[in-house]
Amino acid sequence: MSILVTDRLQRPLHDLRVSVTDRCNFRCPYCMPAEIFGHDYEFMPRDEILRFEEILRVLRATVPLGVRKLRITGGEPLLRKDLHRLIRGAREIQGLEDIALTTNGTLLERTAVSLRQAGLSRLTVSLDSVDAEVFSVMNGHRLSLERVLEGIQAAESAGFQRIKINCVVQKGVNDHTMVDLAKHFRGSGHIVRFIEYMDVGTRNGWKLDEVLTAEEMLTRLQKEIPLEPIESNYTGEVARRYRYTDGSGEIGLITSVSKPFCGDCSRARLTTDGRLVTCLFAKGGTDLRTLLRSGGSDEALRDRIADIWSARTDRYSEERTQMSESDQIQYAEQNSRVEMYEVGG
Ligand code: SAM
Ligand code: SF4
Ligand code: SF4
């Protein structure tokens, strides 16, 4: 039975993002800075992490409420053992139309075929630069650029097309390599998406002057490669699309900071330990794991999620545009927030 829900601002629930692990083999300073996530950092114990069957139960409960898209993320989702089993389980859920995965690409070489065979529809690979040194700075000096490029090749061979390549642009760190990244993938069929550096979480020391706005990115790109705007694919698409005027492909710009898109935000997020989070800037989310593990019925789970979504009023990024920078910093200091690796972007 379908009982579609909308929140208090009339936004439907359409996407579910699931973070399947809080661990990662990178230490991108803008997400999991190495000074904080060092050798002695205690990641979540195994028994706190949702099992695949529990994730699938949540998914089955959200599809009647309107969810059509699942995005698997993390942490680094390919560190989760046998991830293809989750994808295969999700594939069997009637009404779920699309299963996507966001990964740093380092483990794709050995997993791409099984992901494809399990029914993964789409792939996003995060890659912040094709300059090996800049890439190394952006991932906290972990694995090599080569390894990610090989991963992308393996994904192509496994049959993934139009792979999205996500690049977070941090002014003064990797912005000077943006054009090279675009050129690298031009003509490949893959779509590079440049993302404004966001103030998610409380651990990355975010500063507004490290944000290169999408407008500034476009100006830089257009100096070297002629681009023209194109229509979005669907309502709620977060990337502004541009195509190369010679027909050699397209890019996207994600304006999360300069022009937020809260009005169309139809995403819920499920943390590794089973909290439902209704905004990237939410405090901590609502625990679903207790209900899942205490014999709660599927109907009770569905009703709980419907109640959470119906009460939702989040529109932090829009509110932020009305705050001064000092108000934003004060707000961040006074309010605990979920971290990016907990909700997966
Ligand atoms: N580890 C995987 C990866 O990097 O693709 C999946 C999880 S990661 C948290 C998901 C996405 O969030 C990545 O594309 C990453 O670049 C992006 N991200 C992380 N921190 C960010 C920030 N502060 N601002 C903008 N994007 C960010
Ligand atoms: Fe890991 Fe992705 Fe965060 Fe980088 S952005 S530290 S790869 S979870
Ligand atoms: Fe959605 Fe919250 Fe981001 Fe606005 S700030 S787009 S409501 S996640």
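All ligand and atom numbering here is 1-based and tracks the order in the structure. Reckoned from all heavy atoms, side chains included, excluding hydrogens, waters and symmetry mates. Computed from a prediction, not measured in an experiment: that's the story for all the values here.
- Contact check for Asp199 versus Phe281: side-chain heavy atoms found under the 4.5 Å cut-off.
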* To do: Show your working on side chain to side chain donor-acceptor pair (under 3.5 Å) between Arg71 and Thr102 and close with a plain yes or no.
  => CA-CA 7 Å; Arg71 179 169 293 278; Thr102 306; 2.9 Å; yes
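- Among protein heavy atoms, atom 3 (C) of ligand 1 sits closest to Ser126 OG, 3.3 Å.
- Trp206 places a side-chain N or O within 3.5 Å of a backbone atom of Tyr197 that can act as its donor or acceptor partner.
- Taking 4.0 Å as the cut-off, Ser256 does not count as a neighbour of ligand 1 on heavy-atom distance.
- Hydrophobic clustering of Ile, Leu, Val, Met, Phe, Trp and Tyr side chains at less than 4.5 Å, counting indirect connections, unites Leu208 with Val168.
- Partner of Leu13 under the side-chain contact (heavy atoms from CB on, under 4.5 Å) criterion, chosen from Val5, Leu4, Asp7: Val5.
- Protein heavy atom in closest approach to atom 23 (N) of ligand 1: Met198 O, 3.0 Å.
- The contact set between ligand 1 and Glu76, taken as ligand atoms under 4.0 Å from a residue heavy atom, comprises 1 (N), 2 (C).
- Geometric assessment of Arg315 against the ring of Phe261 yields a negative cation-pi assignment under the 6.0 Å and 45° thresholds.
- Between atom 8 (S) of ligand 3 and the options Leu280, Val238, Asp7, the minimum heavy-atom separation is to Leu280.
- Using a 4.0 angstrom heavy-atom cutoff, Asn104 counts as in contact with ligand 1.
- In terms of protein heavy-atom proximity, atom 2 (Fe) of ligand 3 is closest to Cys279 SG, 2.3 Å.
- With rounding to the nearest 0.5 Å, the separation of CE in Met340 from OG in Ser19 is 11.0 Å.
- The distance from ligand 3 to the heavy atoms of Cys262 drops below 4.0 Å at these ligand atoms: 4 (Fe), 5 (S), 6 (S), 7 (S).
- Looking at heavy atoms from C-beta onward, Arg269 lies out of side-chain contact with Arg275 at the 4.5 angstrom threshold.
- Interface atoms of ligand 3 facing Phe281, defined by a heavy-atom separation under 4.0 Å, are 5 (S).
- With ligand atoms numbered from 1 in the order given, ligand 1 contributes 14 (O) to contacts under 4.0 Å with heavy atoms of Asn166.
- Among the backbone and side-chain atoms of Cys24, an N, O or S atom lies under 2.8 Å from atom 1 (Fe) of ligand 2.
- Protein heavy atom closest to atom 12 (O) of ligand 1, with residue, atom name and distance, is Met340 CE, 3.8 Å.
- Linking Ile, Leu, Val, Met, Phe, Trp and Tyr whenever their side-chain heavy atoms come within less than 4.5 Å leaves Leu115 and Val113 in two separate clusters.
- Residue Leu79 holds its CG atom at 10.0 Å from OG1 of Thr111, rounded to the nearest 0.5 Å.
- For Arg122 and Phe160, the positive end is not near the middle of the six-membered ring at less than 6.0 Å and at most 45° from its axis.
- The ligand atoms of ligand 1 that sit less than 4.0 angstrom from a heavy atom of Thr73 are 6 (C), 7 (C).
- The Cys28 neighbourhood of ligand 2 comprises atoms 4 (Fe), 5 (S), 6 (S), 7 (S), with distances under 4.0 Å to a heavy atom of that residue.
- When only non-hydrogen protein atoms are considered, atom 10 (C) of ligand 1 lies nearest to Gly344 O, 3.5 Å.
- Ligand 2 is never approached by Gly74 to a heavy-atom distance shorter than 4.0 Å.
- Annotation for ligand 3: atoms under 4.0 Å from non-hydrogen atoms of Arg269 are 8 (S).
- Listed by number with element, the atoms of ligand 1 under 4.0 Å from a non-hydrogen atom of Glu196 are 25 (C).
- The nearest heavy-atom contact from the protein to atom 26 (N) of ligand 1 is Val168 CG2, 3.4 Å.
- Every atom of ligand 3 with a heavy atom of Ser317 under 4.0 Å away is listed here by number and element: 5 (S).
- Proximity to Asn104 (heavy-atom distance under 4.0 Å) selects the following atoms of ligand 2: 7 (S).
- Within ligand 1, counting atoms from 1 as listed, the ones closer than 4.0 Å to a heavy atom of Gly74 are 7 (C), 9 (C).
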* **Thr272/Asp22 under side chain to side chain donor-acceptor pair (under 3.5 Å): CA gap, chis, key distance, verdict** => CA-CA 6 Å; Thr272 313; Asp22 61 337; 5.3 Å; no
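- Nearest protein heavy-atom contact of atom 6 (C) of ligand 1 is Gly75 O, 3.3 Å.
- Distance from atom 3 (Fe) of ligand 2 to its nearest protein heavy atom, with residue and atom name: Cys31 SG, 2.4 Å.
- Arg80 has its side chain within reach of Ile49: a pair of non-hydrogen atoms, C-beta onward, lies under 4.5 Å apart.
- For atom 7 (S) of ligand 3, the nearest non-hydrogen atom of the protein is Asp314 O, 3.6 Å.
- Taking distance alone, with nitrogen or oxygen atoms compared against 3.5 Å, Ile195 stays at or beyond that limit from ligand 1.
- For Tyr197, no nitrogen or oxygen atom sits less than 3.5 Å from a nitrogen or oxygen atom of ligand 1, counting backbone and side chain alike.
- Residue-ligand proximity, Asn204 to ligand 1, at heavy-atom distances under 4.0 Å covers atoms 23 (N).
- Counting heavy atoms from C-beta outward, Ile191 and Ile165 have side chains that stay 4.5 Å or more apart.
- Between the NZ atom of Lys164 and the CZ atom of Arg193 there is a distance of 4.5 Å, given to the nearest 0.5 Å.
- You'll find the side chain of Tyr30 stays beyond 4.5 Å of the side chain of Val173, heavy atoms only.
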